[in-house]
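When a residue number appears, it is its place in the shown sequence, counting from 1. In each ligand, atom 1 is the first atom listed, and ligand 1 is the first ligand listed.
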Amino acid sequence: MKTYLVTGAAGFIGSNYLKYILNIHDDIKVVVLDALTYAGNLGTIADDIDNERCIFVRGDIGDAELVGRLFATYRFDYVVNFAAESHVDRSIENPQLFLQTNILGTQNLLEVARRAWTKGKDETGYPTWQRGVRFHQVSTDEVYGSLGVEGYFTEDTPLQPHSPYSASKTSADLVVMAYRDTYKMPVSVTRCSNNYGPYHFPEKLIPLIIKNILAGKQLPVYGNGSNVRDWLYVEDHCKAIDLVVTKGRDGEIYNVGGHNERTNLQIVKLTIATIHRLMEEHLLYRNMLKKQVKNADGSISIDWINDDLITFVKDRLGHDQRYAIDPSKIKAELGWYPETTFEVGIVKTIEWNLNNQKWVEEVTSGDYQKYYDRMYGNR
Ligand code: NAD
Ligand code: TDX
């Protein structure tokens, strides 16, 4: 049986990963460590935690005493580090928090793991490591900077981050690789493109657009909407991380990408058109619209769901123009490929949002913080 420390699993990708591994592996035990920042929602994983297979601990990845105690109690085989400040726009407003969490928090996890997993030294002075352990860092394609109209990021592309967020993630990657090179620590890193899917916090483009369309609000597109992102359905990302953690080679970096490049304007227009089509096809969904406009005959109008909702707003500072991943390495070594096409993934994502509007409202209203107090008091 393998024991995991999964950090940041009350957030978007971490919660999807937690559900994924609990579903596909029978013989694992997971401890979730999450600080429950504005982006962490305990309600998302309420059905998965507090049982013999999965335990939730509220805390900071930068807390050496706490992480040390967890290692001593649970003797982890794997650390999978999702915990981070993840929003580029927020990093422009408050860079320091990103450096604190993303760099120093990661280093703290590495250091506690190093102390717990090493026994002695070999004849050359390098530490000897407990067998079968692995520190996995969840990283991002943003570490590579920005592409022009052509080309792809490979694992060998030089690191050239631009935002405080991507600079902090790059620094964390470098610290992980420093532990590999200096101590021969068994580590792995995945660098992934933009994810979308269930439990995506509606400050990010796709869930924000869906939320605003359902409410009949304007859709803010930065600049002229020509920036390109490579969108990946979150479950495909979770599958890639699981493969790398369990079967990937020690010390390796793997790029994970959707082969799905779109401009932001294309994404917004496709989301509008898809919601319009779903509304046309399902009366049930029309009834779920927050903005209700009636036709003369009393039926619900959806004519207003069109591109006129788009509004071009001031561009993001230092806005990277294009990201695109070459995932050949993970395909060749581990057989991974993005299984969910964007056309299928966006319908799943919209339907999930329609069916989980209470979740969306709770995470944006801050009510979810009350959930923790209700569930756990001041533990
Ligand atoms: P998220 O913002 O939805 O979730 C982050 C989680 O980390 C939250 O639950 C939050 O409470 C927790 N957290 C924050 N600071 C913490 C701390 N100091 N200690 C413990 N927990 C803390 O993020 P996400 O979108 O799920 O991203 C997860 C990881 O994947 C991040 O490392 C991010 O850089 C990376 N990533 C994200 C994307 C994407 O498209 N969202 C793409 C590539 C890589
Ligand atoms: O309202 C918006 N309007 C808009 O045009 C928002 C929120 C975003 N955008 C643009 C900016 C980007 O070009 O859409 C694109 C996507 O923006 P985000 O959803 O904020 O994602 P991005 O900045 O690309 O970063 C995401 O992918 C890489 C994640 O948030 C990161 O954590 C991950 O590392």
Glu203 neighbourhood, listing ligand 2 atoms whose heavy-atom distance to it stays under 4.0 Å:
7 (C)

Distance filter under 4.0 Å to Val221 heavy atoms, resulting ligand 2 atoms
5 (O)

Closest non-hydrogen contact found for Pro338 with Gly257 is CG-O, 3.6 Å

Hey, does His319 sit under 4.0 Å from ligand 2 if you only count heavy atoms?
yes

Looking only at protein heavy atoms, which one is nearest to atom 44 (C) of ligand 1, and how far off is it?
Ser139 O, 3.1 Å

Nearest option to atom 40 (O) of ligand 1, as decided by whichever heavy atom of Leu42, Leu36, Asn195 sits closest
Asn195

At what distance is the nearest protein heavy atom to atom 10 (C) of ligand 1, and which residue and atom is it?
Thr37 OG1, 3.3 Å

Closer than 4.0 Å to some heavy atom of Leu208 - which atoms of ligand 2 meet that?
1 (O)

Do the charged groups of Lys329 and Glu252 touch, with an N to O distance under 4.0 Å?
yes

Find all atoms of ligand 2 within a distance of less than 4.0 Å from any non-hydrogen atom belonging to Pro220, and give their numbers and elements.
1 (O), 2 (C), 3 (N), 4 (C), 5 (O)

Heavy atoms only: which of Leu219, Asn194, Leu265, Asn195 is nearest to atom 21 (O) of ligand 2?
Asn194

With the threshold set at under 4.0 angstrom, would you say Ala9 reaches ligand 1 through any of its heavy atoms?
no

Measuring from atom 28 (C) of ligand 2, which candidate in Glu142, His87, Glu85, His200 has the nearest non-hydrogen atom?
Glu142

Option whose closest heavy atom lies nearest to atom 37 (C) of ligand 1, chosen from Thr140, Ile13, Leu97
Ile13

Which atoms from ligand 2 have a heavy atom of Tyr165 less than 4.0 Å away?
31 (C), 32 (O), 33 (C), 34 (O)

If hydrogens are left out, which of Tyr17, Tyr165, Tyr196, Trp231 has an atom nearest to atom 33 (C) of ligand 1, that is, the closest non-hydrogen atom?
Tyr165

Would you confirm whether Lys184, through its side chain, and Thr128, through its main-chain N or O, come within 3.5 Å as a donor-acceptor pair?
no

closest protein heavy atom to atom 31 (C) of ligand 1 is Phe82 O, 3.2 Å

Donor-acceptor pair between Tyr222 and Asp89 side chains, under 3.5 angstrom
yes

Establish, for the pair Arg134 and Tyr78, whether the NZ or CZ atom is under 6.0 angstrom from the six-membered ring centre and no further than 45 degrees off its axis.
no

Among Asp89, Val268, Asn264, closest by heavy atom to atom 10 (C) of ligand 2 is Asn264

Protein contact of atom 4 (O) of ligand 1 - nearest heavy atom, named by residue and atom, plus distance:
Gly11 CA, 3.4 Å

Between the side chain of Glu281 and the main-chain N/O of Leu278, is any donor-acceptor distance below 3.5 Å?
no

Assess Gly105 for proximity to ligand 1: is some non-hydrogen atom of it under 4.0 Å away?
no

Among Arg229, Arg316, Lys204, which one puts a heavy atom closest to atom 17 (O) of ligand 2?
Arg316

Within a radius of less than 6.0 Å around CD of Glu343, do more than 12 heavy atoms belonging to other residues, nucleotides or ligands occur?
yes

So which heavy atom in the protein is nearest atom 23 (O) of ligand 1, and how far is it from that ligand atom?
Ser86 OG, 3.3 Å

Decide whether a cation-pi geometry holds between Arg322 and Tyr152; the criteria are a distance under 6.0 Å from NZ or CZ to the six-membered ring centre and an angle within 45° of the ring axis.
yes

Can you report which non-hydrogen protein atom sits closest to atom 3 (O) of ligand 1, along with the distance?
Phe12 N, 3.0 Å

One thing to verify: whether Arg249 and Glu333 come together as a salt bridge, which I'm taking to mean a side-chain N less than 4.0 angstrom from a carboxylate O.
yes

Please identify which atoms of ligand 1 are closer than 4.0 Å to at least one heavy atom of Lys169.
31 (C), 32 (O), 33 (C), 34 (O)

Pull out every atom of ligand 2 sitting under 4.0 Å from any heavy atom of Val88, numbered as shown with elements.
23 (O)

Asn194 heavy atoms, cut-off 4.0 Å: which ligand 1 atoms fall inside?
40 (O)

Atom 30 (O) of ligand 1 [closest protein heavy-atom partner, distance rounded to 0.1 Å]:
Val138 CG1, 3.5 Å

When every non-hydrogen atom of Cys54 is compared with those of Asp48, the smallest separation belongs to CB-O, 3.2 Å

Does the pair Glu361/Lys290 count as a salt bridge with the N-to-O cut at 4.0 Å?
yes

Could you check Thr190 against His136 for side-chain hydrogen bond (donor to acceptor under 3.5 Å, both in side chains), going step by step and ending with a plain yes or no?
CA-CA 8 Å; Thr190 42; His136 183 76; 2.8 Å; yes

Just jot down the ligand 1 atoms closer than 4.0 angstrom to any heavy atom of Ala83, in number order.
7 (O), 20 (C), 21 (N), 22 (C)

Please answer whether the main-chain N or O of Val187 pairs with a side-chain N or O of Arg180 as donor and acceptor at a distance below 3.5 Å.
no

protein heavy-atom neighbour closest to atom 19 (N) of ligand 1 works out as Ile61 N, 3.0 Å

Counting from 1 in the order shown, the ligand 2 atoms closer than 4.0 Å to a non-hydrogen atom of Thr140 are 28 (C), 33 (C), 34 (O)

For Trp336, does the six-membered ring have the charged nitrogen or CZ of Lys239 within the cation-pi criterion, i.e. under 6.0 angstrom from the centroid and within 45° of the normal?
no

Can the positive tip of Arg69 be found less than 6.0 Å from the middle of the six-membered ring of Tyr74, inside 45° of the ring normal?
no

How would you list, by chain and number, every residue that makes a side chain to side chain contact (heavy atoms under 4.5 Å, CB included) with Pro127, sequence neighbours excluded?
Thr118, Trp129, Tyr183

